[in-house]
Amino acid sequence: MAALIDGTALAERMTQETAARVAQLSSQHGIVPGLAVILVGEDPASRIYVDRKVRQAGKAGVRSFEHRLPADTDQEMLLGLIAACNADDAVHGILVQLPLPPQIDSARVLDAIDPRKDVDGFHPVNVGRLSTGTGGLVPCTPLGCMRLLETVIEDFRGLKAVVIGKSNIVGKPVALLLLDRECTVTITHIRTRALPEIVRTADILVAAAGSPGLVQPDWVKPGAVVIDVGINRVRGIDGKARIVGDVVREGMGHAAAITPVPGGVGPMTIACLLANTVRAAERHGV
Ligand code: GUN
């Protein structure tokens, strides 16, 4: 049987470590790390994610500043809020939940965040730092994928890693992190030809396609480690909605280890967001 990599338990441990760092910052420097969470509109999935982020922040002792704005918010108003958060010493991290409504230029919004407070790691300065391996804040989901992989892989050097999906949020940054660990990395995407053959070469597979059940068991090499980033809402034959990943888990016994959905990458994204917030406070608030 493939081992299940328990993201919920690992995220819990990480959040406890973060809470200890928060307590230290507070007692030694009188600083309470603060996270501004900005949600524009009513997207149900985004609301759930934001609620979870705020709840977990509270558990770690990170103060959150919630800004829930209507769907018709205009760009200037949002840029004004970001400028205020940039200038606010109580705010060490700024998170703008994506996607944003169509009237807003997401790239301009992300550019406006102070890179030192960019706890999502989406600002071009942090993207550049990641690509050159020169520090900076790293996107949370890719960071979570690496922490999960580290629980089962000691030495990444020379391993063949295949990433499915080329998004700025997951695919591209996780590929860079794997490259930094000296894996041989292939990024695949919607136009990739002969995807199953490429996936079969992988020692490490990161599936971030957003396509329910895309990866079949016979695509996966025996002994491979599989990280399933997909969070897809589907309706079962009983008519009930449930969350499934990008990977079919049944029949995957030949993999060395696999993350479940839910309970794999999802909780790690939030744990890494809080760790990034404390890191930002340690670096620039003290
Ligand atoms: N939307 C989906 N994933 C993310 C994420 O990691 N951060 C933000 N800000 N928005 C998202």
Side-chain angles (χ1 to χ4, degrees), residues 7 11 14-15 35-57 62 64-69 71 73 78-79 81-82 85-86 91-102 104-115 117-124 126-127 130 136-148 163-177 206-211 227-233 243 245-246 259 261-262 264-277 279-280:
M14 261 190 83
T15 304
L35 173 65
V37 180
I38 302 172
L39 172 65
V40 185
E42 305 287 328
D43 178 64
S46 291
R47 282 172 63 171
I48 291 171
Y49 295 144
V50 161
D51 289 347
R52 282 190 195 149
K53 288 170 186 179
V54 169
R55 188 166 359 111
Q56 290 300 115
V62 170
S64 46
F65 302 90
E66 283 181 69
H67 302 274
R68 293 174 189 253
L69 308 177
T73 297
L78 184 53
L79 290 174
L81 174 59
I82 290 170
C85 292
N86 283 341
V91 173
H92 304 94
I94 301 170
L95 174 135
V96 180
Q97 187 66 27
L98 301 177
L100 287 167
I104 292 176
D105 178 349
S106 301
R108 267 197 71 195
V109 168
L110 298 179
D111 281 10
I113 296 172
D114 182 335
K117 298 190 178 188
D118 171 36
V119 284
D120 256 327
F122 296 160
H123 189 283
N126 286 318
V127 175
L130 178 60
L137 288 159
V138 176
C140 309
T141 301
L143 209 50
C145 293
M146 296 306 293
R147 296 285 169 272
L148 291 163
V163 177
I164 306 179
K166 64 172 179 62
S167 72
N168 293 332
I169 296 182
V170 187
K172 287 182 207 165
V174 83
L176 287 168
L177 290 170
V206 179
S211 176
I227 304 293
D228 190 350
V229 185
I231 301 180
N232 308 292
R233 181 178 292 270
I243 301 295
D246 287 354
T259 57
V261 177
V265 174
M268 288 300 293
T269 295
I270 301 178
C272 291
L273 170 71
L274 300 177
N276 274 353
T277 304
R279 196 171 149 220

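Every number for a ligand or one of its atoms is a count from 1 in the order of the listing.
To the nearest 0.5 Å, the span separating CG on Leu95 from CG on Leu273 amounts to 5.5 Å. Note that CG of Asn126 is 4.5 Å distant from CG of Asp118, once rounded to the nearest 0.5 Å.
Counting heavy atoms from C-beta on, the side chains of Val229 and Val174 never come closer than 4.5 Å.
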For a distance cut-off of 3.5 Å, show me each N or O of ligand 1 paired with any protein N or O, plus the separation.
{"unit_1": "ligand 1", "atom_1": "1 (N)", "unit_2": "Gln97", "atom_2": "NE2", "d": "3.4"}
{"unit_1": "ligand 1", "atom_1": "1 (N)", "unit_2": "Leu98", "atom_2": "O", "d": "3.0"}
{"unit_1": "ligand 1", "atom_1": "7 (N)", "unit_2": "Asp120", "atom_2": "OD1", "d": "3.1"}
{"unit_1": "ligand 1", "atom_1": "7 (N)", "unit_2": "Asp120", "atom_2": "OD2", "d": "3.3"}
{"unit_1": "ligand 1", "atom_1": "9 (N)", "unit_2": "Val96", "atom_2": "O", "d": "2.9"}
{"unit_1": "ligand 1", "atom_1": "9 (N)", "unit_2": "Asp120", "atom_2": "OD2", "d": "2.6"}
{"unit_1": "ligand 1", "atom_1": "10 (N)", "unit_2": "Leu98", "atom_2": "N", "d": "3.0"}

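The salt bridge (charged side-chain N to carboxylate O under 4.0 Å, His left out) check on Asp111 picks up nothing, with sequence neighbours excluded. In this structure Asp114 satisfies the salt bridge (charged side-chain N to carboxylate O under 4.0 Å, His left out) test together with Arg116, sequence neighbours excluded. Annotation: salt bridge (charged side-chain N to carboxylate O under 4.0 Å, His left out) contacts of Arg233 (sequence neighbours excluded): none.
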